[in-house]
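Working notes, structure below.
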Amino acid sequence: MKGGSLLPKGENLRRAVRWISDQGDHTYAAVEDACRRFDLSPSDEEFLLKHLVTKTPQRGNEEGGSKTE
């Protein structure tokens, strides 16, 4: 058997998605950590960044500082 891996293609990406979701931390740092943990390719990392990283509003677009509820 070539490659030496018993995991089906894409299994590490599925595990990474599950791990990030379980962490509840959808940030660039979490994606980087998942890529190291699950030995993901650059295209897998790009997928995670595109689909999982939470987009936050830019600072400076808010007037009057932070408000509390």
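Just so we're clear, the structure is a prediction, and the values are computed from it rather than from any experiment.
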Exercise. Not counting sequence neighbours, which residues clear side chain to side chain donor-acceptor pair (under 3.5 Å) with T27? List them please.
Key: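 Checked T27 against side chain to side chain donor-acceptor pair (under 3.5 Å); matches are D25.
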Quiz prompt | Any residue meeting side chain to side chain donor-acceptor pair (under 3.5 Å) with R37, in chain and number order, not counting sequence neighbours | solution = D33
Self-check item: Residues which pass ring-ring contact (aromatic ring centres under 6.0 Å, His included) with F47, listed by chain and number, not counting sequence neighbours
Solution: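 Residues passing ring-ring contact (aromatic ring centres under 6.0 Å, His included) with F47: H51.
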Practice problem: Apply side chain to side chain contact (heavy atoms under 4.5 Å, CB included) to D44 and N12, showing your working. | Solution: CA-CA 9 Å; D44 290 338; N12 282 344; over 6 Å; no
Exercise. Begin from the C-alpha positions of Q23 and W19 and carry the test side chain to side chain contact (heavy atoms under 4.5 Å, CB included) through to its verdict.
Key: CA-CA 6 Å; Q23 299 300 309; W19 182 83; 3.3 Å; yes
Self-check item: Atom pair CG/CZ of L13 and R18 - distance to nearest 0.5 Å
Solution: 10.5 Å
Exercise. Measure the NE2-OG distance between H26 and S21 for me, rounded to the nearest 0.5 Å.
Key: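 It is 4.5 Å, given to the nearest 0.5 Å.
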Quiz item: With L52, which residues qualify under side-chain contact (heavy atoms from CB on, under 4.5 Å), at least two apart?
Solution: V17, I20, L48
